[in-house]
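Both ligands and their constituent atoms are indexed starting at 1 by order of listing. Everything quoted here is computed from the prediction, not taken from an experiment.
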Amino acid sequence: MNLVLVVNAGSSSLKYQLLNMDDESVLAKGNCDRIGIDGHVSHKVPSRDYVFEQDCPFPTHTEAFEKLVEVLTTGDGKVIDSMSEISAVGHRIVQGAEVFDKACLVTEEVIDKIDALSELAPVHNHPHALALRACTKVLPKGTPQVVVFDTAFHQTMPPKAYMFGLPYEDYKELHVRKYGFHGTSHRFVSQSLAEAMGKDVKDLKIVSCHLGNGSSITAVDGGKSVDTSMGFTPLDGIIMGTRSGAVDPSAVTYVMEKHGFTPHEMSQYMNKKSGFLGLSKISSDNRDIQNACLEGNELAILTSDMLQYQIKKYIGSYAAAMNGIDAVLFTGGIGENSWEVREAVCENMEYFGIKIDKELNRSIRGKLRKISTPDARVEVWVVPTNEELLIARDTLAVIGK
Ligand code: ADP
């Protein structure tokens, strides 16, 4: 068996999936959570409907990795005899900046470079580096590890798309520019869509709408990202669960002054207390917003209207950027499941050649499916994302398997 362990480590959690790449099935998955707080492991073996939950101390990522090895190799949730059966480990890394434009093998130098990018992504990159070091300690010596970057797919954007109108030295010296995120997902779904359409991705202009707790929209021209809605950080673009999305920078400094916020407090305000949650006062969860809309809640309706309007505007602007579009795809928790959002976004878009079969759209949840009408000029699809699978495929490609 060709086994790849995919790891998505945050500051307090370590999500994992063990994939059998012979048939791309998931052998086990779970999360070592609450690292540095107390500690909890949740381990699942899908083929046996097996679920294991346990509180256990995780002072650092090392103890979490040790637990991960334990649950994979011992007890009722065991799926392998030893970690030496694993061909490689693939790590999801949020920020690769201009240093990494593709997945690569982990070395001490690579870990140091990822850590050095922490200034650009303080919430993510330092924990990634801690996890990489912990994983290296726990794995059998010589197990290859690969890092796959959220930003790498967007490194093909031209300067006119990624530069901000700030003084040039802020780009040269501080590395302030648009990086874009969700790259692994946008790459995966645009490839899947091309296959489903029976076309080469090189011949397609796609607007990829990844809508989840975090959302981003990408213009994919010929398989390459040419523009994307998230920016220097994942805060930019459309409104999200708790993130504001784009706001006039002057409104940011004004709100900071009025509330007496420090830069860190303002960042927390826009990242954690804004978006659906801050606007609706109900929830950061799209399901709660859609339910409240049905009850006539005005703030929920406003929130939902803003989301749909902003997505529409990105589709329109990317049609302009690419001189047309062949397909629009929806993915992520909202994109795959919320027919309401898809229907509203595609409403009154005939000018762009977008027209969906409403009844069909309402019946599609989490399935690869075309939802546009046969006479529509632009195809509209629901395409489930699977970032772990693409990370595992990239990992094998990097180690030459
Ligand atoms: P993340 O960005 O954290 O990976 P997900 O992609 O899982 O998030 O998306 C979470 C979002 O998807 C939530 O807003 C949730 O309400 C929404 N969602 C999930 N299932 C449904 C559903 N059946 N109908 C509408 N929205 C849904």
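If you look at Arg365 next to ligand 1, the close heavy atoms, those under 4.0 Å, all belong to the side chain.
Residues Asn125 and Ser118 bring no donor and acceptor atom of their side chains to less than 3.5 Å of each other. Judged purely by distance below 3.5 Å, without hydrogens or angles, the side chains of Thr228 and Thr218 pair a donor atom with an acceptor atom.
Asp227 and Lys160 are not joined by a salt bridge, as no carboxylate oxygen comes within less than 4.0 angstrom of a charged side-chain nitrogen.
Not a single heavy atom of Gly241 sits closer than 4.0 Å to an atom of ligand 1. Residue contact annotation: Gln290 has no non-hydrogen atom under 4.0 Å from ligand 1.
Counting only heavy atoms, the protein gets under 4.0 Å from atom 26 (N) of ligand 1.
For the pair Arg177 and Tyr162, the distance from NZ or CZ to the six-membered ring centre is under 6.0 Å and the angle to the ring normal is within 45 degrees.
Scanning Asp285, Asn286, Leu211, Asn213 for the heavy atom closest to atom 10 (C) of ligand 1 points to Asn213. Remark: among candidates Gly335, Pro234, Ser338, Gly333, the nearest residue to atom 6 (O) of ligand 1 is Gly333, based on non-hydrogen atoms. Nearest residue to atom 20 (N) of ligand 1 from Asn337, Asp288, Thr331 is Asn337 (criterion: closest heavy atom). Considering each of Ile334, Ile289, Asn291, Thr385, the one bringing a non-hydrogen atom nearest atom 11 (C) of ligand 1 is Ile334.
The main-chain N or O of Val383 is found under 3.5 Å from a side-chain atom of Thr331 such that the two form a donor-acceptor pair.
Taking Lys78 as the reference, Asp81 meet the side-chain hydrogen bond (donor to acceptor under 3.5 Å, both in side chains) condition, with sequence neighbours excluded.
Applying the side chain to side chain donor-acceptor pair (under 3.5 Å) test to every pair with at least one member in residues 26-37, sequence neighbours left out, gives these pairs: Arg34-Asp38.
At under 3.5 Å, a nitrogen or oxygen of Arg287, whether backbone or side chain, sits near a nitrogen or oxygen of ligand 1.
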